[in-house]
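Structure record follows, encoded as structure tokens.
Worth knowing before you read on, the calculation uses all heavy atoms, side chains too, and leaves out hydrogens, waters and symmetry mates.
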Amino acid sequence: MKNNINLVKGTHDIYGAEMEKFEFIIESFYSVCKKFNFQSIQTPIIEQQELFSRAVGEQTDIVSKEMYSFLDKGEINICLRPEATSGLARFAASNYQSGLMKLVTHGPMFRRERPQKGRYRQFHQINIETIGEKSPYIDFEPILIAKLLLDKLGVSKNKYKLLINSLGSKDDQLSYSILLKKYLSDFKNQLSETSISRLDKNPLRILDSKDPEDTEILKNAPKIGEHLSNESKNYFDQVKKLLNSNEIEFYEEPKLVRGLDYYSHTTFEYQTIEHKRQNAILAGGRYDKLISMISSRDIPGIGWAAGVERLMDLITIEDEKSKSKNKILFAVQDETYLNNNRILKQIYNFKYNHEVRVNKNIKKLFSYADKNNFSFILLIGEEEINSNKIILKDLKNKSQQTFEISKFELKNEIR
RNA sequence: GCGGGUGUAGCUCAGUUGGUUAGAGCGCCGGUUUGUGGUACCGGAGGUCGGGGGUUCAAGUCCCCUUACUCGCCCCA
């Protein structure tokens, strides 16, 4: 006996009720976004590794330790995409012309982490990006769309909250980093190891630390909101005004910096309060310098990604939907009855789903239809084939009729 | 990379202080007078008890190692 082949660690099959949720999320996402004139796009799952080391950032966890990468035929460093925005930015860098490029996509992403609840090595994201222009409304729109999507998915308002922050321009970040570094250097021997290593490379990320001692120290640290340029501050105020006037409730979180280096100005995150861990269900922000980091063009953009598996955990779907679907079982007692069978063509052209089943035992055919929630059974058995008859039985009200095969029209009998 | 939990039939799990041929439910196959359904009853197939080593007269059960899954740390959607 051979051993079974297991799933690769951190991957999973999506099937049955789970798959219905998955499709429901993807379909809802596209239907909401298309009303805002977004265009769908699919970019490759494999990209040059350099795309992510430049866009996401060399020192981020994602790039430095979580990427699946390999040398393709000893020539180019290829990797499985750990996120989608970089690929879309690459696309925009060479295809953007003018005005707004509004893109939506979905697909698998790959990060080599230790799997746990709500975190997989292959997981799925839905992504929305608005590229080309910068204005408070353009920031507001995707945040609104996120809320509309959560509504459509039936995630109730008391299950999540929206956090927002502004990181200001890259210049703001630079001057704030100096302030923060100065403040933190007084506590250098109390900070956690990772925070110390970030002190020089990326001090902003220290704000994200969950180490209790770090958080204590950070309580009195300078706040980024208080050190933005007037221009950045005004911009952020206008975004908040739009949210307020459209009744989108949010909390300002000055420590929301995100783990990818490309963000600037508005950042946001929808968090579920159902789970304590892996609670970020949808997150994103503005990335004005991203495209200039990977190309010779300088185009602003904003977008977000949501984890499909994390959304699946939050929603419920009635499985009656699939059960109440009308299905026909075409049952025959012998495989040869299917030769030159005019019913076969009728049934696969008919509006209902169907299945063909062969079994000598009539009882088995009925029992199969019953267990699999068929609503009708079309039966040609030994008696029928000998007398050129066919039986149609409505399995719900148990009524049954016999017809001449040559005259039987499915569409006249089931409407 | 570091911790905790779990691993017994296709699936979900029992298996008592170590004690004879390892169990249940569901599913599958067959039967209950030969061609009509989720029920009931009867029967059947299916297990190297994750793998390796050790303790013991005796190990699914205790100990060690290993592996897979899972939950958490870190980080993220």
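A straight line from OH of A:Tyr15 to P of B:rC11 spans 15 Å, rounded to a whole angstrom. If you take CD1 of A:Ile206 and C1' of B:rC74, they are 15 Å apart, rounded to a whole angstrom. Spacing between atom CG of A:Leu256 and atom P of B:rC76 amounts to 11 Å, rounded to whole angstrom units. The interatomic distance linking A:Gln122 (CD) with B:rA77 (P) rounds to 17 Å, in whole Å. A:Arg121 has its CZ atom 14 Å from the C1' atom of B:rC74, to the nearest Å. When the P atom of B:rC29 is taken as reference, atom OH of A:Tyr368 falls 11 Å away, rounded to whole Å. Straight-line distance from the CD atom of A:Glu129 to the C1' atom of B:rA77: 13 Å, rounded to whole Å. Taking atom CD1 of A:Ile281 as the reference point, atom P of B:rA77 lies 13 Å away to the nearest angstrom.
Classification of A:Asp172 and A:Lys170 as a salt-bridged pair fails, no side-chain N sitting under 4.0 Å from a carboxylate O.
For the pair A:Arg205 and B:rC76, the criterion of a side-chain N or O lying under 4.0 Å from OP1 or OP2 is met.
When the ring-ring contact (aromatic ring centres under 6.0 Å, His included) test is applied to A:Phe140, the partners found at least two apart in sequence or on another chain are A:Tyr137. For A:Glu58, the side-chain contact (heavy atoms from CB on, under 4.5 Å) partners two or more places apart in sequence, or in a different chain, are A:Ser53, A:Val63. Among residues two or more places apart in sequence or in another chain, the salt bridge (Lys or Arg N to Asp or Glu O under 4.0 Å) test is passed with A:Lys345 by none.
Closest heavy-atom contact between A:Ser177 and A:Leu204: OG-CG, 4.0 Å.
Within residues 80-93 of chain A, no residue is approached by RNA chain B to less than 4.0 Å at the level of any non-hydrogen atom. Scanning residues 408-415 of chain A for heavy-atom distances under 4.0 Å to RNA chain B yields an empty list.
Counting only distance, with no hydrogens or angles, the side chain of A:Asp370 and the backbone of A:Phe366 share no donor-acceptor pair below 3.5 Å. Using a distance-only test at 3.5 Å, with no hydrogens or angles considered, no donor-acceptor pair links the side chain of A:Tyr235 to the main chain of A:Ser166. A:Ser175 places a side-chain N or O within donor-acceptor distance of the main-chain N or O of A:Asp171, the cut-off being under 3.5 Å. Of the possible donor and acceptor atoms, one in the side chain of A:Glu384 sits under 3.5 Å from a partner among the backbone N and O of A:Gly381.
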Result block: side-chain N/O donor-acceptor pairs under 3.5 angstrom for residues 8-19 of chain A, not counting sequence neighbours:
from    : atom 1 : to       : atom 2 : distance (Å)
A:Thr11 : OG1    : A:Val8   : N      : 3.4
A:Thr11 : OG1    : A:Val8   : O      : 2.6
A:His12 : NE2    : A:Glu309 : OE2    : 3.4

Check residues 109-123 of chain A and write down every donor-acceptor pair under 3.5 Å in which the side-chain atom is one partner and the other belongs to a residue at least two apart or another chain.
from     : atom 1 : to       : atom 2 : distance (Å)
A:Arg111 : NE     : A:Pro82  : O      : 2.8
A:Arg111 : NH2    : A:Pro82  : O      : 3.0
A:Gln116 : OE1    : A:Gln278 : NE2    : 3.4
A:Arg119 : NE     : A:Arg114 : O      : 3.2
A:Arg119 : NH2    : A:Arg114 : O      : 2.3
A:Arg121 : NE     : A:Glu113 : O      : 2.7
A:Arg121 : NH2    : A:Glu113 : O      : 3.3

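Here the separation of B:rG50 from B:rU61, taken at their P atoms, is 8 Å to the nearest Å. Nucleotides B:rG35 and B:rG30 are separated by 14 Å at their P atoms, to the nearest Å. Only the C1' atoms considered, B:rG1 is 35 Å distant from B:rA59, to the nearest whole Å. Taking the P atom of each, B:rU21 and B:rC26 are spaced 28 Å apart, rounded to whole Å. The P atoms of B:rG4 and B:rC65 are separated by 11 Å, rounded to the nearest whole Å. On the P atoms, B:rU70 is 22 Å away from B:rC76, given to the nearest whole Å. Rounded to whole Å, the P atom of B:rG72 lies 38 Å from the corresponding atom of B:rU39. Between B:rU48 and B:rC41, the two P atoms lie 30 Å apart (nearest whole Å).
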Polar atoms only, N or O, under 3.5 Å: list the protein pairs with nucleotides 67-72 of chain B and their distances.
from   : atom 1 : to       : atom 2 : distance (Å)
B:rC69 : OP2    : A:Lys9   : NZ     : 2.8
B:rC71 : OP2    : A:Lys117 : N      : 3.2
B:rG72 : OP2    : A:Lys117 : N      : 3.3

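None of A:Ile138, A:Asn37, A:Ile131 except one satisfies the side-chain contact (heavy atoms from CB on, under 4.5 Å) rule with A:Leu100; the exception is A:Ile138.
For A:His354 and A:Tyr348, the gap between ring centers reaches or exceeds 6.0 Å.
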Summarise how protein sits on nucleotides 35-41 of chain B as a single string, 5' to 3': B when a protein heavy atom is under 4.0 Å from the base, S for sugar-phosphate-only contact, - for no contact.
BBBB---
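In this structure, A:Phe22 and A:His106 have perpendicular ring planes: the angle between them is above 60°, well past the 30° mark. Using cut-offs of 30° and 60° for the angle between ring planes, the A:Tyr352 and A:Phe350 rings count as perpendicular.
Residue pairs that meet the salt bridge (charged side-chain N to carboxylate O under 4.0 Å, His left out) test with at least one member in residues 30-56 of chain A, sequence neighbours left out, are A:Glu47-A:Arg90, A:Glu50-A:Arg54. Pairs passing the ring-ring contact (aromatic ring centres under 6.0 Å, His included) check and including a residue from residues 395-414 of chain A, sequence neighbours excluded, read A:Phe403-A:Phe408.
Counting only Watson-Crick and G-U wobble pairs whose two distances sit under 3.5 Å, RNA chain B takes part in these stems of three or more pairs: B:1-7 with B:67-73, B:10-13 with B:23-26, B:28-32 with B:40-44, B:50-54 with B:62-66.
Remark: the A:Arg310 side chain and the B:rC76 base include a donor-acceptor N/O pair separated by less than 3.5 Å.
For the pair A:Arg112 and A:Phe123, nearest-nucleotide mapping onto RNA chain B gives the more 5' position to A:Arg112.
Annotation for A:Gln42: atom CD counts as buried by contact number, over 12 foreign heavy atoms lying within 6.0 Å.
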